[in-house]
Amino acid sequence: MEILFIVLPLALLLAGGALTAFFWAVHRGQLDDLDTPAYRVIFDQEHPRKDPHAGESSGSDPTFTDSERD
Amino acid sequence: MRNPPPPTSTVRCSHCDRPVPAGLIDPDRHPQFCCTGCQVVYQTIQACGLDGFYRLKQMVGGTDLPPARVTGEKYVAYDTSEFSDLYVCKLPGMVRSIELLLEGVSCSACIWLIEKLPEVLPGVIDARLDLRSASVRLSWDESKVKLSQIACLLDRLGHPPHPARGYSKRELVRRESRRMLIQIGIAGALMGNIMLIALAMYAGDLSGMEPVYRSFFRWLSASLGVLSLTWPGATFFVSSWRAIRARTVNLDVPIAVALLAGGVAGVVNVFLGRGEIYFDSLAVLVFLLLVGRFIQYRQHRRADDAVDLMFSMTPVSCRVVRDNEVVETLVETLAVGDVVVVRSGDILPCDGVVVQGESAVDQALLTGESVPVPVQKGSSVHAGSVNKSRVIRVRATAVGDATRVGRLMRLVETGVQDKPQIARLADRVGGWFLPVVCVAAGIIFGFWSWKTTMTQAVDHTVAFLIVTCPCVLSLATPLTMGVAIGRLSQNRILVKSATALETLSKPGLILLDKTGTITRGQPQVVRFEGRESVKALIGEIERHSQHPIGKALHEAFGACELSGFLRTSIRQVTEGHDGGIEATIANKRIRIGSVSFIESQAADWGYFKERVLELDNAGETSVLVSVEGVIVAIIGLRDEPRKDSARAIRRMNQMGWRTNILSGDRRGVAQAIAIQVGIDSSSVMAQNSPEEKLRIVKSLQERGRTVMVGDGINDAAALASADVGIAVHGGAEASLAAADVYIARPGLQPVADLLNMSRRTMNVIKRNLLISLGYNLLAGILAAGGAMSPMLAAVLMPLSAATVLSTATWSIWRIQLSDTPEE
């Protein structure tokens with residue numbers, strides 16, 4: 001059972017590695033938002049409809065003209 | 001008196017799925033819209049190829065969209081250098097990034113809509129939405145697209161953007177929540193490993209283990225345990241040290257005592273190679289306590305985020321006349337003496353005097369008066385009011401904090417500081433917990449040292465201190481509060497401070513604002529006297545009116561049939577600025593308007609003069625109709641109470657609360673409403689300015705628990721200084737900052753729900769405190785009797801925490817809330 005003297009510190013080292021990965025993720029801001037990613041994953045498959053006019057309408061300035069306002 | 005709505009009114013808006021008003025239905029068109037906002041958003045979404053949004057929205061069940069708001073703003077100021085110095089972060093190359101808060105983020109399908117920006121608008125590199133704070137982090141290539149273009153597109157998608165103000169505060173919050181997460185991570189990892197080692201030791205105790213391994217495990221356990229106590233566990237030592245220095249006792253003090261006693265005794269035992277160690281229980285303690293704290297912290301943030309958005313909604317830019325040219329500039333650069341051009345629909349950026357043009361401004365933010373006030377050259381106007389009809393030019397007399405809104409906001413801030421502090425239940429328990437435990441520990445130590453050896457006495461005392469550590473006791477309150485606040489926020493009731501729930505759990509006095517709180521805040525026709533044939537005419541003439549009264553008239557009479565001949569002969573509809581409208585039909589001049597509007601022209605009053613006075617006394621606003629100078633009809637309008645107001649007030653009374661009305665409106669009107677909703681007319685306090693409301697709240701507070709329910713800035717100071725201030729739906733943003741609770745649902749039923757929930761929550765908390773005290777008592781007795789073992793402690797502690805959590809969840813989710821939102 002002498003192997004325990006090596007295996008246990010090794011296990012702790014592994015835990016330390018996992019913790020370091022966790023620190024890195026937290027500092028990168030990956031856990032700042034705990035609500036949105038749950039939904040984001042649902043929408044991964046969806047893409048905007050490729051429309052020949054899509055580029056046009058969004059490329060041109062999508063604002064109101066003054067006549068629309070009044 | 002009102003006509004029944006025509007059957008076609010079930011047509012639903014293609015964007016927001018709400019019923020389309022009868023006047024706007026166009027039977028020949030497929031997409032139907034309830035307002036121009038929805039129409040613009042729908043068309044933009046289609047043009048961008050983003051129509052998958054509607055499918056996703058149904059998929060996630062987010063059918064409850066609010067009608068879209070599109071400002072039509074050009075966001076010119078977003079491209080100025082002043083703006084980018086303040087808000088934009090410059091990255092290498094031409095890449096820029098900014099954090100914007102968005103309006104109208106209501107369901108998870110919005111994530112998709114907004115995060116597809118890069119695919120829709122070339123030049124946008126990345127867009128990430130944070131659903132909870134409704135903020136988006138954008139990065140874009142400045143050589144390809146301008147920020148104003150992105151902002152315009154967001155606006156046309158129904159999400160008007162605002163730069164996120166208060167960067168340093170949010171950065172602080174972000175750092176704090178990261179720090180807490182890291183602490184939880186460390187505590188969790190250490191706890192897991194110590195428990196594994198402990199498992200090996202318990203197994204060894206049962207089946208035998210060589211001493212060398214046993215001591216190896218003990219050393220390992222001790223070093224990890226000390227790490228857990230000194231690193232993440234340091235929070236409790238720091239907090240209790242602070243409490244001791246301030247000569248108070250909070251619940252952290254007995255926790256720190258237990259952690260310290262367990263840690264020191266454990267290390268000594270490991271050194272001497274004898275006795276029990278409790279590091280597994282201690283590590284669980286630290287972990288559970290940190291998780292409880294994190295839950296509490298996150299619940300508080302939720303409501304703060306909503307307030308942040310509201311704060312950022314004050315206008316960023318305004319149009320100033322410089323060298324005879326109108327330029328768009330940041331509000332921050334505005335100076336006294338500048339002339340500002342305020343377009344229709346804009347919010348006034350400063351206090352000032354009108355120098356050109358005439359219009360009507362909505363001062364609801366300041367006065368609570370929902371009917372726009374006509375202004376002309378020489379009238380003074382205030383920051384925060386909304387220009388309702390035509391372009392005006394205003395010379396600034398006060399800017400920024402010096403404006404009336406700014407001064408009121410300061411009153412609000414001081415009000416928050418003056419609020420009486422209520423000792424928290426958990427800390428009160430902590431107060432007597434410590435002495436009891438200390439005395440008991442002393443007795444146990446004395447008894448065992450007399451009966452057996454000194455070492456055994458120390459062991460039993462330490463075991464006692466650890467198992468009576470009020471870990472679950474301190475978890476019980478935040479966990480239960482957290483579940484309750486989460487439940488409420490799902491019902492769109494945002495609770496900012498947990499102490500509010502505690503305060504609301506016992507009945508007292510509720511002061512209700514009238515306009516917009518008890519009533520809808522929109523006048524409606526309740527009386528019509530005159531020739532029936534006039535109705536159809538009024539409906540047709542008022543079709544294009546923007547005034548709330550005009551809209552109400554159109555809504556009431558718009559469905560009446562008008563003969564084709566008359567319809568085609570309507571000419572020259574002009575809306576006056578003195579509260580009326582004029583039109584020519586079949587060569588006859590028809591005027592519809594207020595008493596003063598009609599008075600200026602009409603000659604023949606008939607009996608209507610007396611009726612106007614009678615209507616005044618009945619709390620109704622009167623509108624007169626004259627044909628060629630002869631008055632033919634009188635219409636009474638009233639801001640009706642919401643359907644559920646009376647029922648909600650009855651519920652409050654049943655719970656033991658007294659209800660009063662505190663209003664800025666005329667006494668007659670307020671009393672008429674009071675009688676309708678079942679409030680004694682003697683408990684109506686009317687005709688009060690914001691400052692008077694504050695004074696009344698303060699004087700009432702001296703007599704007992706006082707809760708204020710209101711919506712506008714004209715009662716924000718009162719909201720802030722009341723024991724609990726509740727801001728209701730549709731209110732001014734300032735009231736959100738001032739209030740402890742914000743209700744994002746119309747009507748008074750949510751207030752009654754909140755009171756009910758608070759009462760029930762406090763009961764659950766008390767029950768949970770009893771459960772955890774019971775656990776402490778049981779474990780304490782076992783330890784005092786010398787029957788406690790590390791294994792028993794390690795099982796009992798998580799068990800009691802799980803009991804408390806499941807009772808909290810189970811009993812709070814069972815509480816019924818009314819969920820019938822009223823339109």
Side-chain angles (χ1 to χ4, degrees), chain A, chain B residues 36 40 44 46-53 55-56 59-60 70-75 107-109 111-112 115-116 119-122 128-133 148-149 152-153 155-156 174 177-179 181-182 185-186 189-190 192-193 196-197 200 210 213 216-217 220 224 298 343-345 391:
Chain A
M1 285 302 264
E2 288 80 5
I3 192 78
L4 270 180
F5 292 114
I6 301 168
V7 171
L8 260 182
L10 261 180
L12 288 181
L13 225 69
L14 253 161
L19 260 186
T20 321
F22 177 67
F23 292 172
W24 171 81
V26 170
H27 282 300
R28 282 264 322 254
Q30 294 190 15
L31 286 110
D32 282 356
D33 179 4
L34 298 171
D35 302 306
T36 323
Y39 295 105
R40 195 172 284 140
V41 76
I42 311 176
F43 307 138
D44 267 357
Q45 300 299 314
E46 293 284 337
H47 288 284
R49 175 165 48 83
K50 288 300 171 208
D51 184 320
H53 303 291
E56 255 170 66
S57 66
S58 52
S60 65
D61 191 13
T63 50
F64 281 91
T65 58
D66 274 324
S67 61
E68 264 178 295
R69 271 189 74 86
D70 299 327
Chain B
T36 47
V40 171
T44 314
Q46 295 292 339
C48 295
L50 288 169
D51 46 339
F53 170 72
R55 203 155 28 83
L56 291 176
M59 196 173 88
V60 297
V70 176
T71 62
E73 202 67 54
K74 284 212 175 66
Y75 297 97
C107 81
S108 45
I111 304 170
W112 183 79
E115 296 192 347
K116 288 298 171 222
E119 290 178 45
V120 168
L121 193 60
R128 288 255 136 180
L129 182 79
D130 182 335
L131 197 59
R132 193 161 52 103
S133 58
S148 60
Q149 283 176 297
C152 282
L153 184 57
D155 182 46
R156 300 207 71 171
R174 190 171 296 156
S177 96
R178 284 181 186 178
R179 199 181 59 82
L181 267 177
I182 284 187
I186 300 168
L190 289 170
N193 283 290
L196 282 176
I197 295 170
E210 281 178 48
Y213 296 118
F216 174 58
F217 283 143
L220 217 54
L224 293 181
R298 261 173 61 86
R343 294 174 306 182
S344 165
V391 179

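Below, chain A is the first sequence line, B the second, and so on; all start at residue 1.
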Test side chain to side chain contact (heavy atoms under 4.5 Å, CB included) on B:Tyr213 and A:Glu2; report intermediate values, then the result.
CA-CA 9 Å; B:Tyr213 296 118; A:Glu2 288 80 5; 4.1 Å; yes

Of A:Gly29, A:Ala18, A:Ala11, the largest count of non-hydrogen pairs under 4.5 angstrom with chain B goes to A:Gly29

Can you tell me which portion of [X] sits under 4.5 Å from chain A's heavy atoms? Options are side chain, backbone, both or neither.
| X | answer |
| --- | --- |
| B:Tyr75 | neither |
| B:Glu115 | side chain |
| B:Leu224 | side chain |
| B:Leu190 | neither |
| B:Asn193 | side chain |

Between [X] and [Y], is any pair of side-chain heavy atoms under 4.5 Å apart?
| X | Y | result |
| --- | --- | --- |
| B:Ile182 | A:His27 | yes |
| B:Ile186 | A:Phe23 | yes |
| A:Asp32 | B:Arg178 | yes |
| A:Asp33 | B:Leu131 | no |

Exercise: identify the closest heavy-atom pair between A:Leu4 and B:Phe216:
O-CE2, 4.0 Å

Per-residue tally against chain A (heavy atom, under 4.5 Å) across B:Leu196, B:Asp51, B:Ile197 peaks at B:Asp51

